[in-house]
Amino acid sequence: MANVIVIGTQWGDEGKGKITDLLSRSADVVVRYQGGINAGHTVVVNDRTFKLHLIPSGILYPHVDCIIGSGTVVDPEVLIEELDALEAMGVSTSRLYIAETAHVTMPYHRSIDIAAEAQRAEHRLGTTGRGIGPTYADKSERTGIRIVDMMENDTRGAVFRWAIAQKNRILEKLYNLPPLDPEATIAQYAGYAERLRPHIIDASLKIDEAIRHRRNILFEGAQGTLLDLDHGTYPYVTSSNPVAGGACIGAGIGPTMVDRIIGVAKAYVTRVGEGPFPTELQDGVGQLLGQRGAEFGTTTGRPRRCGWFDGVIGRYAVRINGLDCLAVTKLDVLDELPEIKVCVAYELDGQVIRDFPSNARTFARCRPVYETLPGWQQSTQHCTSLAELPATARKYLQFLSDLLEVPIAIVSLGASRGQTIIVEDPIHGPKRGLLERQREAS
């Protein structure tokens with residue numbers, strides 16, 4: 001039995017969807033523990049592309065229970081669209097479960113998100129406009145609507161009328177937007193409630209039962225470490241905690257229940273939206289990475305900013321999450337490059353630093369210190385083992401492993417399931433967190 005957390009180690013879009021899908025073969029349960037429809041996973045199976053926003057990618061396996069945990073915020077309209085799309089493609093959604101304590105994204109959340117971002121002007125954060133931040137804000141303010149509020153016919157009207165009345169004042173007086181019709185909204189969400197009713201459960205209890213029956217559980221988040229509300233490049237972050245610690249809160253389990261933590265990193269780095277990005281490439285190489293990597297957001301379609309691999313944020317992600325191993329994705333995107341740079345440190349005000357600065361303004365002044373490695377300039381897409389990779393590609397992977405002080409368990413060379421090299425068993429491999437590796441080194 002193994003309970004495993006899959007974590008993005010950069011600014012999201014690392015390819016967690018494919019890795020989660022791959023690991024789901026050995027899982028009995030997959031739990032999504034935070035985020036909302038501002039994230040997206042793309043999974044390719046037998047030339048069929050599935051774009052998922054809320055539903056865990058384990059849904060593509062008929063034996064897997066998929067749970068949307070309490071830490072996730074749910075837009076019922078989008079969730080139902082996703083359910084219908086999967087069913088139309090022949091994928092059963094009968095084993096999808098939704099936490100009754102998850103918070104609901106309402107129409108006013110989307111309106112406020114878009115209007116607030118427009119008012120920020122040059123201080124904009126680069127939000128997706130999907131209402132995620134305002135939903136989490138209401139959750140923290142204790143004025144949010146939860147799934148259970150939407151489901152209860154006898155109290156739904158009162159809860160919705162009060163919330164909509166509060167938000168209509170904000171929409172009208174602060175943003176000069178038309179108010180919502182409370183009765184129409186109540187009727188709309190009553191319809192959503194009936195459509196989703198078979199899927200609503202006490203998620204924490206179901207996860208606990210799975211643990212007690214020694215089932216394999218995979219916990220997946222959205223976004224990445226550097227977008228964490230507490231530990232990311234604030235304020236250019238998301239509104240929840242995608243780091244490993246967030247899995248326990250968002251799923252409703254204790255930290256002693258976690259057996260292994262797997263980090264996912266691209267062989268280079270991308271970022272969507274605003275915020276500092278020391279290794280960003282605004283030249284032909286950056287364009288090449290974007291083109292070869294198809295770097296457009298699954299949710300927004302926005303082009304992603306591209307740059308060289310950043311070992312400083314990589315080491316930070318290892319430390320913050322306590323990673324046991326790493327999955328490196330999109331190595332094939334680098335196939336054409338004659339040389340590849342890796343950021344090993346930052347230059348800050350004339351000093352070389354090797355640790356990630358917690359202050360975003362300080363981070364914005366950091367300049368990358370690079371080491372240059374030779375490229376391999378040949379295709380890796382059909383390699384099925386490390387031995388088949390070009391020698392320089394293997395050296396590149398070893399360089400990243402040594403730099404981050406964490407073993408590489410998976411190498412992804414394309415979008416499909418088959419384009420993957422398993423170096424070691426990522427789920428049942430040895431527990432080699434930071435403390436274990438430090439003891440081994442000493």
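The basis for the numbers below is simple: all heavy atoms, side chains too, and nothing from hydrogens, waters or symmetry mates. Numbering starts at 1 and runs along the sequence shown.
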Next item on the list: For Val406 and Ser401, work out which heavy atoms get closest and say how close.
Entry: O-OG, 2.7 Å

Margin query: Tell me the closest heavy-atom pair linking Trp376 and Pro390, and the distance in Å.
Written below: CB-CB, 3.7 Å

Margin query: Can you confirm whether the side chains of His103 and Asp138 place a donor and an acceptor under 3.5 Å from each other?
Written below: no

Check: Got a second to check how far Cys66's SG is from Leu218's CG, nearest 0.5 Å?
Finding: 9.5 Å

Item checked: Criterion side chain to side chain contact (heavy atoms under 4.5 Å, CB included) on Val411 and Val423, from CA distance to verdict -> CA-CA 7 Å; Val411 180; Val423 183; 4.2 Å; yes

Checklist line | Distance-only donor-acceptor check, side chains Asn216 and Asn3, under 3.5 Å | finding: no

Notebook entry, point to check: Are any side-chain N or O atoms of Thr9 and backbone N or O atoms of Val264, one a donor and one an acceptor, separated by less than 3.5 Å?
Noted result: yes

Next item on the list: Taking the six-membered ring of Tyr97 (Phe, Tyr or Trp), confirm whether the NZ or CZ of Lys206 is under 6.0 Å from its centre and within 45° of its axis.
Entry: yes

Next item on the list: Tell me, with the steps shown, if Asp230 and Val237 meet side chain to side chain contact (heavy atoms under 4.5 Å, CB included).
Entry: CA-CA 9 Å; Asp230 290 291; Val237 294; over 6 Å; no

Check: Yes or no on side chain to side chain contact (heavy atoms under 4.5 Å, CB included) for Val342 and Leu403, after CA distance, side-chain angles and deciding distance?
Finding: CA-CA 10 Å; Val342 176; Leu403 180 63; 3.7 Å; yes

Checklist line | Heavy-atom side-chain contact between Val4 and Ile261 under 4.5 Å | finding: no

Next item on the list: Taking the side chain as every heavy atom from C-beta outward, state whether Arg146 and Lys139 have any atom pair closer than 4.5 Å.
Entry: no

Note to self: I'd like to know if the side chain of Asn321 and the backbone of Ala244 have a donor-acceptor N/O pair within less than 3.5 Å.
What the structure shows: yes

Note to self: Apply salt bridge (Lys or Arg N to Asp or Glu O under 4.0 Å) to residues Arg292 and Glu336 and explain how you reach the verdict.
What the structure shows: CA-CA 10 Å; Arg292 285 183 55 82; Glu336 295 182 4; 2.9 Å; yes

Check: Any idea which heavy atoms bring Leu96 and Pro56 closest together, and the distance?
Finding: CD1-CD, 4.1 Å

Check: Taking C-beta and beyond as the side chain, do Val74 and Ile147 meet within less than 4.5 Å on heavy atoms?
Finding: yes

Margin query: Applying salt bridge (Lys or Arg N to Asp or Glu O under 4.0 Å) to Arg304 and Asp13, what does each step give before you reach the verdict?
Written below: CA-CA 9 Å; Arg304 296 169 183 148; Asp13 307 309; 3.3 Å; yes

Next item on the list: Look up atom OG1 in Thr279 and atom CG in Leu281, then write down how far apart they are to the nearest 0.5 Å.
Entry: 6.5 Å

Check: Without hydrogens or angle criteria, can the side chains of Thr143 and Glu141 be said to hold a donor-acceptor pair below 3.5 Å?
Finding: yes

Notebook entry, point to check: Looking at Val328, Thr380, Thr329, which one forms a side-chain contact (heavy atoms from CB on, under 4.5 Å) with Leu413?
Noted result: Thr380

Next item on the list: Mark yes when over 12 heavy atoms from residues, nucleotides or ligands other than Arg25 sit less than 6.0 Å from its CZ; otherwise mark no.
Entry: no

Next item on the list: With rounding to the nearest 0.5 Å, note down the distance linking CZ in Arg367 to CG in Asp349.
Entry: 9.5 Å

Next item on the list: Quick one: closest heavy-atom pair of Cys366 and Pro357, and the distance?
Entry: SG-CG, 3.9 Å

Check: If you measure only the distance, is there a donor-acceptor pair under 3.5 Å linking the side chains of Thr372 and Glu339?
Finding: no

Next item on the list: Start with the C-alpha gap between Ile37 and Ile132, add the side-chain angles, then the distance that decides, and say whether side chain to side chain contact (heavy atoms under 4.5 Å, CB included) holds.
Entry: CA-CA 8 Å; Ile37 62 167; Ile132 307 305; 4.1 Å; yes

Margin query: Can you confirm whether more than 12 heavy atoms, excluding those of Asn176, are under 6.0 Å from its CG atom?
Written below: no

Notebook entry, point to check: If you measure from CG on Leu337 to CG on Leu289, what distance do you get to the nearest 0.5 Å?
Noted result: 6.0 Å

Note to self: Less than 4.0 angstrom from a charged side-chain N to a carboxylate O is my criterion; do Arg120 and Glu117 meet it?
What the structure shows: yes

Checklist line | Gln10 side chain vs Lys266 backbone, donor-acceptor pair below 3.5 Å | finding: yes

Notebook entry, point to check: Does atom OH of Tyr175 have more than 12 heavy-atom neighbours from other groups under 6.0 Å away?
Noted result: yes

Checklist line | Side-chain donor or acceptor of Asp283 paired with backbone N/O of Val285 under 3.5 Å | finding: yes

Next item on the list: Measure from the side-chain N and O atoms of Arg260 to the backbone N and O of Cys325, and report whether any donor-acceptor pair falls under 3.5 Å.
Entry: no

Next item on the list: Check whether the side chains of Thr233 and Arg271 place a donor and an acceptor atom closer than 3.5 Å, and report yes or no.
Entry: yes

Check: Is Arg361 reaching over with its side chain to a backbone N or O of Arg365, donor-acceptor style, under 3.5 angstrom?
Finding: no

Notebook entry, point to check: Within the side chain of Glu274, is there an N or O that forms a donor-acceptor pair under 3.5 Å with the backbone of Tyr236?
Noted result: no

Margin query: Could you tell me if the side chain of Ile422 sits less than 4.5 Å from the side chain of Ile410, heavy atoms only?
Written below: yes

Notebook entry, point to check: Which heavy atom of Ser204 sits nearest a heavy atom of Gly252, and at what distance?
Noted result: OG-O, 2.8 Å

Notebook entry, point to check: Are any side-chain N or O atoms of Thr420 and backbone N or O atoms of Arg417, one a donor and one an acceptor, separated by less than 3.5 Å?
Noted result: yes

Check: Applying salt bridge (Lys or Arg N to Asp or Glu O under 4.0 Å), which residue pairs with at least one partner in residues 94-111 are found, sequence neighbours left out?
Finding: Asp65-Arg95, Asp75-Arg110, Glu77-Arg110

Notebook entry, point to check: What distance separates Arg215 CZ from Asp28 CG, expressed to the nearest 0.5 Å?
Noted result: 5.0 Å

Next item on the list: Would you mind reporting whether Ile80 and Leu196 have side-chain heavy atoms less than 4.5 Å apart?
Entry: yes

Check: Is the closest side-chain heavy-atom distance between Ser240 and Leu229 below 4.5 Å?
Finding: no

Next item on the list: Evaluate the side-chain proximity of Tyr370 to Trp308: yes if any heavy-atom separation is below 4.5 Å, no if none is.
Entry: yes

Note to self: Pairing donors with acceptors under 3.5 angstrom, does anything connect the side chains of Lys18 and Ser57?
What the structure shows: no

Next item on the list: Please round to the nearest 0.5 Å and tell me the distance separating atom CD1 of Ile313 and atom CG of Leu226.
Entry: 4.5 Å

Check: Any idea which heavy atoms bring Asp310 and Val269 closest together, and the distance?
Finding: N-CG2, 3.6 Å

Note to self: Please check: side-chain N/O of Gln419 versus main-chain N/O of Ala415, any donor-acceptor pairing under 3.5 Å?
What the structure shows: yes

Check: Taking only residues two or more places apart in sequence or in another chain, which ones pass ring-ring contact (aromatic ring centres under 6.0 Å, His included) with Phe277?
Finding: Trp11

Notebook entry, point to check: Thr135 pairs by side-chain contact (heavy atoms from CB on, under 4.5 Å) with which of His109, Met106, Arg130?
Noted result: His109

Next item on the list: Would you check if Ile59 and Val64 make a side-chain contact, meaning some heavy-atom pair closer than 4.5 Å?
Entry: no

Checklist line | Test salt bridge (Lys or Arg N to Asp or Glu O under 4.0 Å) applied to Arg195 and Asp84, step by step | finding: CA-CA 11 Å; Arg195 173 69 173 83; Asp84 291 343; 2.7 Å; yes

Check: Of Phe363, Tyr346, Phe356, which meets ring pair (Phe, Tyr, Trp, His ring centres under 6.0 Å) against Tyr316?
Finding: Phe356

Margin query: Using modelled atom types and a 3.5 Å cut-off, is there a donor and acceptor pairing between side-chain atoms of Glu295 and backbone atoms of Arg305?
Written below: no

